[in-house]
Amino acid sequence: MSTFTDKVLKVVKEIPRGKTLSYKEVAILAGNEKASRVVGTIMSKNWDESIPCHRVICSDGTLGGYNRGTEKKRLRLEEEGAIERK
DNA sequence: CATTTGACGCCAA
DNA sequence: TTTGGCGCCAAAT
């Protein structure tokens, strides 16, 4: 805590199942609205099983990216009902 | 210490 | 609607 990075990780950990937050939303909750990119950067460098990073998507509703495969991320969100399967 | 990179976001054409 | 470009900030090189 105390650093933006730690806040981001904390916020993402707090995301409930079936809910998705955009990188921008996470950035805002972490205390820096303009750091949307940083959120993604942090995740890519610190991909952790304790962190449901698959719950974090782009503000446009697009999935964004995922260290284990974007397809896997999509399936997981669909399974949780966070998004509509199109 | 300086520069580049990158799982983004928003605006203009 | 789809591209292209700028901004923004932390981490990596």
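Every chain is numbered from 1 and lettered A, B, ... according to where its sequence line falls, protein lines coming before strand lines.
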**Prompt:** How about A:I42 and A:F4: do any of their side-chain heavy atoms sit closer than 4.5 Å?
**Reply:** yes

**Message:** Would you say that A:N32 contacts A:K7 through its side chain, given a criterion of any heavy-atom pair below 4.5 Å between the two side chains?
**Reply:** no

**Message:** Classify A:S44 by what it touches in the nucleic acid, base, sugar-phosphate, or nothing, heavy-atom distance under 4.0 Å.
**Reply:** base

**By salt bridge (charged side-chain N to carboxylate O under 4.0 Å, His left out) - contacts of A:R76 (at least two apart)** = none

For [X] and [N], give me the distance from atom [atom1] to atom [atom2], rounded to whole Å.
X	N	atom1	atom2	result
A:D48	B:dA7	CG	P	18 Å
A:L21	B:dG9	CG	P	12 Å
A:I42	B:dA7	CD1	P	13 Å

**Message:** Which residues pass the side-chain contact (heavy atoms from CB on, under 4.5 Å) test with A:L75, not counting sequence neighbours?
**Reply:** A:E78

**Message:** According to side-chain contact (heavy atoms from CB on, under 4.5 Å), who are the partners of A:L21, at least two apart in sequence or on a separate chain?
**Reply:** A:I15, A:K19, A:E25, A:V26, A:L29

What are the two closest non-hydrogen atoms of [X] and [Y], and how far apart are they?
X	Y	answer
A:R68	A:E49	NH1-OE2, 3.4 Å
A:C58	A:G64	SG-CA, 3.6 Å
A:A35	A:A27	C-CB, 3.9 Å

**Item:** Residues from residues 51-70 of chain A lying under 4.0 Å of DNA chain C - heavy atoms
**Value:** none

**A:S50: partners by side-chain hydrogen bond (donor to acceptor under 3.5 Å, both in side chains), with sequence neighbours left out** = A:D48

Could I get a table of every N or O pair under 3.5 Å where one atom is in the protein and the other is in nucleotides 2-5 of chain B?
none

**Any residue of residues 30-38 of chain A with a heavy atom less than 4.0 Å from an atom of DNA chain B** = A:S36, A:R37

**Item:** Atom pair OH/CD of A:Y66 and A:E71 - distance to nearest 0.5 Å
**Value:** 13.0 Å

Please write out the pairs of protein N or O atoms and N or O atoms of nucleotides 11-13 of chain B separated by less than 3.5 Å, giving the distance to one decimal.
none

**Item:** All pairs passing side chain to side chain donor-acceptor pair (under 3.5 Å) where residues 51-62 of chain A contributes a residue, at least two apart
**Value:** A:R55-A:E80

**Message:** Stem finding on DNA chain C, please: runs of three or more consecutive Watson-Crick or G-U wobble pairs, both distances under 3.5 Å, sorted by first number.
**Reply:** B:2-6 with C:9-13, B:8-13 with C:2-7

**Message:** Please check: side-chain N/O of A:K73 versus main-chain N/O of A:G65, any donor-acceptor pairing under 3.5 Å?
**Reply:** yes

**Fill in**
First and last nt of DNA chain C near chain A, cut-off under 4.0 Å to heavy atoms, 5' to 3', are C:dG7 to C:dA12

**Sole candidate of A:L77, A:L63, A:V56 that passes side-chain contact (heavy atoms from CB on, under 4.5 Å) when paired with A:T20** = A:L77

**Asked** Which ILVMFWY residues can you reach from A:I28 by hopping between side chains whose heavy atoms are under 4.5 Å apart?
**Response** none

